[in-house]
Protein chains: 2
Amino acid sequence: MSVTLADVAARAQVSPATVSRVLNGNYPVAGPTRERVLRAVADLDYVLNGPASALAAATSDLVGILVADIADPFFGMIAAAVQSQIGASGGRAGGERLAVVCATGGAHERELTYLTLLQRQRAAAVVLTGSADENPEHTEAVAAKVRRLEESGTRVVLCGRPPLTGTESTALPFDNRAGSRLLAEHLLALGHRRIGYLAGPEGRTTTRHRLEGHREALAAYGLPDPEPLSVHALYERGAGYTATRELLAREPDLTAVAAANDSLALGACAALRDAGLAVPGDVSVTGFDDLPFSADAVPSLTTIHLPLTEAGARAGRIALGMEARPGEVLPVEGTLTVRDSTGPVRERAAARG
Amino acid sequence: MSVTLADVAARAQVSPATVSRVLNGNYPVAGPTRERVLRAVADLDYVLNGPASALAAATSDLVGILVADIADPFFGMIAAAVQSQIGASGGRAGGERLAVVCATGGAHERELTYLTLLQRQRAAAVVLTGSADENPEHTEAVAAKVRRLEESGTRVVLCGRPPLTGTESTALPFDNRAGSRLLAEHLLALGHRRIGYLAGPEGRTTTRHRLEGHREALAAYGLPDPEPLSVHALYERGAGYTATRELLAREPDLTAVAAANDSLALGACAALRDAGLAVPGDVSVTGFDDLPFSADAVPSLTTIHLPLTEAGARAGRIALGMEARPGEVLPVEGTLTVRDSTGPVRERAAARG
DNA sequence: TTGAAAGCGATACCAG
DNA sequence: CTGGTATCGCTTTCAA
């Protein structure tokens with residue numbers, strides 16, 4: 001079969017224990033001995049057996065990252081940042097840790113399934129990203145699973161997600177409510193009064209918080225509850241497209257559309273274009289997440305800058321046990337970034353003419 | 001400690017062997033016995049120990065996916081498709097397999113590092129995506145690593161990447177040359193003659209193949225070699241921005257810009273806008289990858305439709321050993337999709353006026 | 001600083 | 001169809 005630690009030990013004329021110590025670098029080993037071992041490792045082209053060491057050490061080098069959708073750059077950026085930290089250094093066996101990225105599709109059930117799978121792998125840490133399902137039963141089911149993971153030594157981090165009470169997990173929540181409020185205030189300050197709102201899917205924390213922020217801003221301007229101007233849709237471009245067409249059919253005199261995330265905003269742009277409405281000027285579109293490409297798609301864009309990379313990197317460090325105490329909550333604040341002016345309100349009829 | 005298979009066996013009054021058989025479902029077990037075991041598993045809330053079974057079985061439930069950049073939807077779509085297959089069914093222990101996504105940043109060195117890490121994990125399969133480094137030494141180093149992985153039972157799939165000779169890996173290459181040629185032909189047919197070209201980073205297979213296709217098209221029209229109108233840049237939006245500004249400064253009379261991938265195209269759009277050139281009409285921009293959001297960013301877009309989802313799904317199935325014979329090459333053809341008209345050539349001066 | 005040896009928890013072969 | 005058990009390769013006390 002393949003080369004084992006014993007083979008290396010034999011060649012270096014030391015005991016397996018010593019080889020293990022050299023490889024893990026967690027025990028003192030004399031210089032010359034160390035050299036000899038490393039040479040043997042190189043000579044034999046030896047690669048440690050991960051499962052075997054994980055079994056013996058009762059922990060692995062894997063870090064799980066749960067996201068709703070890998071193809072969505074919102075999660076991609078977070079995952080990349082987490083990985084840049086966990087791959088950077090540390091880890092057992094002088095090695096790097098590997099990121100297991102799991103796409104839940106926002107389905108609660110798959111979230112639990114993946115947590116079990118990661119528990120099975122004895123993952124060193126798990127990072128849960130994005131919005132959480134608000135169903136109390138589901139929340140409790142996740143909390144229970146998290147507790148079990150923690151009992152078996154897995155560190156849990158919540159990134160862009162509310163804290164999970166009764167667990168030791170560290171939370172890095174985003175201030176979605178304030179961000180959304182600022183976004184709406186921006187449109188209101190420009191004079192918009194009939195603002196369509198693309199809310200996310202129902203029953204998710206981000207959806208509710210962002211919608212609440214939006215409402216607060218309108219209320220402060222003495223405007224009626226925006227309920228009739230809001231549509232719920234999945235956080236996907238296609239859903240944003242459909243929802244916007246629906247909104248336009250229902251409320252033809254909108255002057256602006258605010259979206260709860262950038263994917264929805266992109267869909268809105270496409271829908272407006274197909275409806276014969278030019279995007280900058282005629283109807284303003286605002287996104288939320290401030291993804292790099294969004295500014296190209298939505299030339300007059302106002303977004304809330306969520307420091308995804310920073311948050312992901314922090315999550316990664318916490319996952320490695322380099323920061324934070326158990327159960328700590330470290331809010332990640334959003335910053336309003338006006339990418340470009342959304343311009344003055346125009347009469348749709350005129351612009352269309 | 002935690003519940004083990006032996007505990008389950010005791011509670012179900014069967015041997016550990018039987019529990020293992022029930023859990024893996026790969027040996028016949030009598031109905032009633034099976035029931036009893038499953039009940040015990042549920043009662044004890046038992047979760048299989050992944051490392052232990054991987055050690056005993058000499059293979060794990062992990063599938064590695066190497067990508068250049070997780071935050072790039074090009075790779076995100078492929079990774080999502082691979083995952084949809086491998087998570088769907090099969091796998092040991094009636095369970096699903098987990099995807100380990102590794103971001104190499106296009107760096108050859110990290111590619112080898114990750115392959116070693118996956119070898120250490122005894123990954124069931126590895127999917128290498130995207131362009132390959134053309135340096136012969138590097139190619140040989142990767143091939144050697146792949147051979148070693150294959151020797152230890154890991155299946156290797158190359159998705160959107162050229163075949164690796166001397167290995168048993170299955171390749172699903174894209175026809176980059178033909179795609180790029182079609183793209184340039186499209187612009188030429190519209191009357192463009194001074195076409196800027198944003199090539200990818202030097203020394204990568206996709207860069208070369210796409211550039212060759214571009215050149216072939218120009219040559220067929222009797223145009224000079226486009227060398228002076230080409231700029232190499234990393235496959236990133238920021239690099240596309242910089243490269244386009246550079247190109248515009250050097251060649252002020254361009255009427256179109258073709259980009260070797262969509263990230264570059266997005267950067268080009270931003271650069272043109274900042275340079276005071278409107279995007280549709282004044283200068284045409286073409287992307288390559290046909291990512292969902294690109295059409296929003298580049299309203300007059302022509303792209304080569306690369307069936308990323310289909311290719312990823314096939315890669316996933318092959319990784320599970322459900323398709324293809326060792327060493328097989330299954331080309332994935334691109335299809336020219338004209339998303340929208342890039343419109344007639346206009347005099348830049350006029351458009352600017 | 002190094003070695004010997006007892007597990008870690010499942011798998012799969014060999015019997016029955 | 002089920003049970004006993006050697007084995008997988010490494011980690012980590014405990015001694016020396």
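Reminder, nothing fancy here: chain letters follow the sequence lines and each chain counts from 1.
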Can you measure [X] atom [atom1] to [N] atom [atom2] for me and round it to whole angstrom units?
X: A/L48; N: D/dC8; atom1: CG; atom2: C1'; answer: 14 Å
X: B/N26; N: C/dC13; atom1: CG; atom2: P; answer: 10 Å
X: A/L23; N: D/dG9; atom1: CG; atom2: P; answer: 16 Å
X: B/D61; N: C/dT11; atom1: CG; atom2: C1'; answer: 13 Å
X: B/L55; N: C/dT11; atom1: CG; atom2: P; answer: 11 Å
X: B/Y46; N: C/dA10; atom1: OH; atom2: P; answer: 3 Å
X: B/L5; N: C/dA12; atom1: CG; atom2: C1'; answer: 13 Å
X: B/N24; N: D/dC1; atom1: CG; atom2: P; answer: 17 Å

Exercise. To the side chain of B/S15, which of D/dG4, D/dT11, C/dT11 is closest?
Worked result: D/dG4
Seminar exercise, completed: Considering only heavy side-chain atoms of B/A17, the closest of D/dT5, C/dG9, D/dT11 is D/dT5
Under 4.0 angstrom, heavy atoms only, what part of the nucleic acid is [X] near: base, sugar-phosphate, or nothing?
X: A/V29; result: sugar-phosphate
X: A/A30; result: sugar-phosphate
X: A/V14; result: sugar-phosphate

Phosphate oxygens OP1/OP2 of [N]: is one of them under 4.0 Å from a side-chain N or O of [X]?
X: B/N49; N: C/dC8; result: no
X: A/T4; N: D/dC8; result: no
X: B/S53; N: C/dG9; result: no
X: A/T18; N: C/dT2; result: no
X: A/S20; N: D/dT11; result: yes

Which protein N or O atoms sit under 3.5 Å from an N or O of nucleotides 14-16 of chain D?
none

Problem set entry | Residue whose closest nucleotide on DNA chain C lies nearer the 5' end, A/P16 versus A/R36 |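 Closer to the 5' end of DNA chain C: A/R36.
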Exercise. Any side-chain donor paired with an acceptor under 3.5 Å for B/S15 and B/T18?
Worked result: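 Side-chain D/A pair, B/S15 to B/T18: present.
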Exercise. With B/T154, which residues qualify under side chain to side chain contact (heavy atoms under 4.5 Å, CB included), at least two apart?
Worked result: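 Expected list: B/V126, B/L149, B/S152.
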For this session: Not counting sequence neighbours, which residues clear side chain to side chain contact (heavy atoms under 4.5 Å, CB included) with B/E109? List them please.
Result: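 Scan of B/E109 (side chain to side chain contact (heavy atoms under 4.5 Å, CB included), adjacent residues dropped) gives none.
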What pairs of donor and acceptor atoms, side-chain ones from residues 44-51 of chain B against any protein atom, are under 3.5 angstrom apart with sequence neighbours left out?
from	atom 1	to	atom 2	distance (Å)
B/D45	OD2	A/R148	NE	3.4
B/D45	OD2	A/R148	NH1	2.4
B/N49	OD1	B/A52	N	3.0

Exercise. Between B/R314 and B/E310, is the closest basic N to carboxylate O distance under 4.0 Å?
Worked result: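 Here B/E310 pairs with B/R314 in a salt bridge, since their nearest N and O are under 4.0 Å apart.
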Exercise. Is any side-chain heavy atom of B/L98 closer than 4.5 Å to a side-chain heavy atom of B/D61?
Worked result: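 B/L98 vs B/D61: side chains apart.
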Seminar exercise, completed: Those residues at least two apart in sequence (or on a different chain) that pass salt bridge (Lys or Arg N to Asp or Glu O under 4.0 Å) with B/R161 are B/E111
Problem set entry | Counterpart residues, salt bridge (Lys or Arg N to Asp or Glu O under 4.0 Å), relative to B/E150 (two or more places apart) |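 Once residues adjacent in sequence are excluded, B/E150 has no partner under the salt bridge (Lys or Arg N to Asp or Glu O under 4.0 Å) criterion.
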